[in-house]
Protein chains: 2
Amino acid sequence: MIAVFKKYITEKVTLTEQEWTLIQSVCIERKLRKQQYLLQEGDVWHYNAFITKGCLRRYRIDDKGVEHILQFSVENWWAGDRDSLINGTPSKYSIDAIEDSVVILIRKEDFDMLVNRIPEFRNLVNIILEKSLIASQERIHDAISLTAEEKYLGFVERYPGLSNRVPRRMLASYLGVTPETLSRVRQVVMKK
Amino acid sequence: MIAVFKKYITEKVTLTEQEWTLIQSVCIERKLRKQQYLLQEGDVWHYNAFITKGCLRRYRIDDKGVEHILQFSVENWWAGDRDSLINGTPSKYSIDAIEDSVVILIRKEDFDMLVNRIPEFRNLVNIILEKSLIASQERIHDAISLTAEEKYLGFVERYPGLSNRVPRRMLASYLGVTPETLSRVRQVVMKK
DNA sequence: AAATAGCCTTGATATTTGTCAAGAATCATT
DNA sequence: AATGATTCTTGACAAATATCAAGGCTATTT
């Protein structure tokens with residue numbers, strides 16, 4: 001499964017063979033069964049996680065016990081809790097697998113080492129950060145501006161395929177509406 | 001006003017005198033009258049902007065002509081449109097001054113040069129990026145999870161002072177509610 | 001200080017979304 | 001294939017928020 005990661009990396013940057021060997025040497029592959037936790041609320045997060053297979057979600061649970069999903073991560077994307085990682089604080093989030101998944105973990109110290117030793121890797125990481133931030137801004141815009149229907153259609157357009165892959169109640173949670181509302185929205189959309 | 005920027009920088013990282021001189025040499029100071037644009041929708045953004053005085057807002061206007069504010073930036077914070085800056089695409093946002101303001105502009109090429117020549121500066125920029133991303137995640141959570149009242153109280157708590165500094169209709173726009181709703185929410189909160 | 005314009009609030013009403021409950025459909029396990 | 005458990009949908013109703021309209025307040029300009 002590390003081949004997926006290698007493909008991802010080498011498509012984005014050109015590395016020497018030694019550099020890739022160095023990266024590979026700090027990669028930890030971990031399988032996750034559906035429903036299994038990668039991170040539980042309250043624990044401190046020490047890794048960067050790259051998904052080579054499957055789908056994960058990061059979410060929080062409010063006072064009333066309702067889940068709110070901040071992120072879905074599928075193959076070729078990253079997961080984790082930056083806040084906990086950087087500040088060393090207990091995580092407010094939980095991360096678990098929506099499908100049987102495989103992730104590659106790189107410990108924070110190792111990741112920092114890679115960033116310092118491989119300039120191309122640093123660039124890549126920076127670009128990912130920038131893209132994440134731009135995407136977050138877009139999501140904030142949608143959250144404060146759009147109706148439930150617009151949010152749903154926007155999601156389907158932005159992440160084609162994913163809307164059929166995640167359970168509806170989770171999609172509803174991600175969009176910030178109830179499952180019932182999403183169900184009705186979909187019904188209306190179908191008729192058009 | 002550049003003294004404000006120097007103070008900001010030197011409080012965060014230690015620089016040699018030459019390094020600061022280099023930074024200063026690419027700083028462009030610009031005054032903005034209240035209401036004046038720093039960036040207009042459709043234009044390409046080429047800078048990083050640091051606010052030394054005043055308050056700016058970044059916003060979008062939807063099909064119905066309604067403004068949606070993505071960000072307020074006050075003294076000692078940054079403004080700009082990363083998306084346009086990085087991708088060279090026309091901006092979806094406008095940025096203008098809520099108060100008479102002073103900003104320091106650094107052209108993209110110059111900024112990249114600083115990042116490459118001054119390792120400490122690169123670190124600083126990275127930390128800012130990380131913090132911005134963490135804050136964005138927090139805002140997404142609030143947007144999809146909280147009621148209007150909770151959003152308002154959260155804002156007041158997170159940005160004390162700012163809620164009295166920006167016009168209420170703009171605060172409402174930032175929170176994703178109408179001015180009328182914010183007005184009513186505040187009325188309820190006052191009584192408690 | 002007067003005039004003007006924009007902003008904020010308040011009320012009445014409409015719309016959207018949430019809540020609760022029940023039945024149907026789907027999925028996982030045996 | 002049968003069972004049970006979860007998820008999804010649908011309906012009736014409740015609550016939250018938006019819309020529209022009017023009046024009062026505030027600030028800016030003259």
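Proteins get letters first, then strands, A, B, ... in listed order; numbering begins at 1 in each. Computed from heavy atoms alone, side chains included, the values below leave out hydrogens, waters and symmetry copies.
One atom, CZ of A/Arg186, and another, P of C/dT17, lie 16 Å apart when rounded to the nearest Å. In this structure, A/Glu150 places its CD atom 17 Å from P of C/dT15, rounding to the nearest Å. Rounded to whole Å, atom C1' of C/dT16 lies 16 Å from atom CD of A/Gln187. B/Leu182 has its CG atom 14 Å from the C1' atom of C/dT10, to the nearest Å. Rounded to a whole Å, the OH atom of A/Tyr152 is 19 Å from the C1' atom of C/dT16. Between A/Leu175 atom CG and C/dT16 atom C1' there is a gap of 16 Å when expressed in whole angstrom units.
With B/Ile51 as reference, B/Val103 is the one residue of B/Val103, B/Leu32, B/Ile104 to meet the side-chain contact (heavy atoms from CB on, under 4.5 Å) rule.
The rotation axes computed at either terminus of the helix from C/dA1-D/dT30 to C/dT30-D/dA1 lie 60° apart, taking five pairs at each end and rounding to 10 degrees.
Place A/Ser183 and B/Glu149 on DNA chain D by their nearest nucleotides, and A/Ser183 ends up nearer the 5' end.
Looking at residues two or more places apart in sequence or on another chain, you find a side-chain contact (heavy atoms from CB on, under 4.5 Å) between A/Lys108 and A/Leu85, A/Asp112. Taking B/Val156 as the reference, B/Tyr152, B/Ser163 meet the side-chain contact (heavy atoms from CB on, under 4.5 Å) condition, with sequence neighbours excluded. Residues that satisfy the side-chain contact (heavy atoms from CB on, under 4.5 Å) test with B/Asn76, not counting sequence neighbours, are B/Val4, B/Tyr8, B/Phe50. Residues passing the side-chain contact (heavy atoms from CB on, under 4.5 Å) test with A/Asp142, sequence neighbours excluded: A/Leu146, A/Arg158.
Judged by a 6.0 Å distance limit and a 45° cone about the ring axis, B/Arg58 is positioned over the six-membered ring of B/Tyr93.
Taken together through direct or relayed side-chain contacts under 4.5 Å among Ile, Leu, Val, Met, Phe, Trp and Tyr, A/Tyr59 and A/Leu162 form part of one hydrophobic cluster. B/Phe155 and B/Val189 fall within the same hydrophobic cluster, defined by Ile, Leu, Val, Met, Phe, Trp and Tyr side-chain heavy atoms under 4.5 Å apart, directly or through other members.
A heavy atom closer than 4.0 Å to some atom of DNA chain C occurs in no member of residues 55-63 of chain A. Residues from residues 160-170 of chain A that place a heavy atom under 4.0 Å from any atom of DNA chain D, listed by number: A/Pro167, A/Arg168, A/Arg169.
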- Per-nucleotide protein contact string for nucleotides 21-30 of chain C, where B marks a base within reach and S marks sugar-phosphate only (heavy atoms under 4.0 Å, - for neither): -------S--
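Atom CZ of A/Arg117 is surrounded by 12 or fewer heavy atoms from other residues, nucleotides or ligands within 6.0 Å.
Looking only at atom types and distance, the side chain of B/Ser136 has a donor-acceptor partner in the side chain of A/Gln137 under 3.5 Å away. For the 3.5 Å distance criterion, the side chains of A/Ser91 and A/Asp81 qualify, holding a donor opposite an acceptor.
Cluster partners of A/Val44 are absent, since no Ile, Leu, Val, Met, Phe, Trp or Tyr has side-chain heavy atoms less than 4.5 Å from it.
Looking at heavy-atom distances under 4.0 Å, B/Arg184 makes contact with a base.
With a cutoff of under 4.0 Å to any heavy atom of chain A, the contacted region of DNA chain D is bounded 5' to 3' by D/dT7 to D/dA12.
The shortest distance between side-chain heavy atoms of B/Asn116 and B/Met113 does not fall below 4.5 Å.
Residue pairs meeting the ring pair (Phe, Tyr, Trp, His ring centres under 6.0 Å) criterion with at least one member in residues 108-137 of chain A, sequence neighbours excluded, are A/Phe111-A/Phe121.
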Expected list for residues 172-180 of chain B: side-chain donor-acceptor pairs under 3.5 angstrom, two or more places apart:
| from | atom 1 | to | atom 2 | distance (Å) |
| --- | --- | --- | --- | --- |
| B/Ser173 | OG | B/Glu67 | O | 3.0 |
| B/Ser173 | OG | B/Ile69 | N | 2.9 |
| B/Thr178 | OG1 | B/Thr181 | N | 3.2 |
| B/Thr178 | OG1 | B/Thr181 | OG1 | 3.0 |

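Between A/Lys53 and A/Glu99 there is no salt bridge, since none of the side-chain N atoms of the basic residue sits less than 4.0 Å from a carboxylate O of the acidic one.
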